[in-house]
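Structure record follows, encoded as structure tokens.
Counting starts at 1 for both ligands and their atoms, following the listed order. For clarity, every value in this text was computed on a predicted model and none was experimentally measured.
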Amino acid sequence: MAEFLITTDLRKILHVDIDAFYAQVEMRDNPELRNRPLIISRDPAETGGRGVVATANYVARALGVHSAMSAVEARQLAPEGVFLSPNFKKYRQVSKTIHHIFHTFTEKIEPVALDEAYLDMTDSHLSGASIAAQIRHQILKETGLTSSIGISHNKLLAKLGSEFNKPNGVTVITHDNMLSFLAELPIGDFRGVGAKTKAKFSALKVENGLQLRQLPKETLRGLFGKMGENLYWQTRGVHFGEVQWQRQQQSVGKEATFRYFIHNEIDVHKAFKQLANEMIAALKVKQLTGRTLNIKIRDDAFNTITRAITRETPWPLSETLITQTAQSVFEEVIQTPFSVRLLGLSISNLQSSTFEEMTLF
Ligand SMILES: [Mg+2]
């Protein structure tokens, strides 16, 4: 059953990550640092040995320096290393540019860090590789920084992919190459495998994804609990987590204020029809639809009535249906005679509309 589910996951997820972000920004601004071990951390000599490495350039990494290591240890590994205190103000500014670039590709962005995000590009007709090339080009052009991108049908594989070809690389993991990719992956690269777990696996002679895959689910659960079961699925490339994006827009709609107040139902109907028309056009442009229809009515005394009608499934983008619904709500809540100065329609609980929904009406 699970194997069947895997092959039906047709999403297009990208994980974008700037290479050694803080270090790369500093090298960009001071090219002399490029060929020296650069450690982003307060100098242990100035802090009495305290401090932790935020990140390091690849020259320092080649010497064994890595993030979260104590600065003293980093100094021992890289005695010639340059220590620079992090300049978060500058990094946040660069980060803004990077996330702005993401937003030119999609709204479905899950930011993970200043320099890192998941993008759900399932709706794009372009290939993941082509999108990745454009994003990397744009980041380089606007910030001078290189990035790495992993592309796959889920977040787990996208993330593993971006790590795989670092720095300055792209990895596409498909349904076809997924199992061989995971087979060769060192055990320490799987999510949640720290030094302790790695040592336990070492004792079991499990060093890579292929060996991990040969362990029964029960064995893994017995050894590592929930995380063990999680690893069982990881080595099969199964992960259903969605890209957690913030819907930027809460609703799409239109309002009309009447210079001459409306007093009869024919004009109300006409107005709703026009509003429905414009709202539907806006929704189509944004490729959105939603489950809640909001109707707003304001009378000449500025009393405002709003009604919301939420359906199980998104509202069909049908002018007739929306106009009639609004009209009947109006007749239900407004008594004659009336004098209306404003009418409004909007759709909320938005979601992206599929091609089928777009063309059905
Ligand atoms: Mg990074």
- List-wise, which protein N, O or S atoms are found short of 2.8 Å from the Mg ion (ligand 1)? D17 OD1, I18 O, D115 OD2
- Can you list every ring pair (Phe, Tyr, Trp, His ring centres under 6.0 Å) pair that touches residues 22-67, not counting sequence neighbours? Y22-F88, Y22-Y91
- Residue pairs fulfilling ring pair (Phe, Tyr, Trp, His ring centres under 6.0 Å) with at least one residue in residues 197-216, sequence neighbours excluded: F201-F224
- Would you confirm whether the ring centroid of F272 sits within less than 6.0 angstrom of the ring centroid of H269? no
- Message: Regarding E163 and K159, does a basic nitrogen lie under 4.0 Å from an acidic carboxylate oxygen?
- Response: yes
- So which pairs with a foot in residues 312-333 pass ring pair (Phe, Tyr, Trp, His ring centres under 6.0 Å), sequence neighbours left out? F330-F338
- Task: State, yes or no, whether a side-chain contact exists between T55 and F21 at a heavy-atom distance under 4.5 Å.
- Result: no
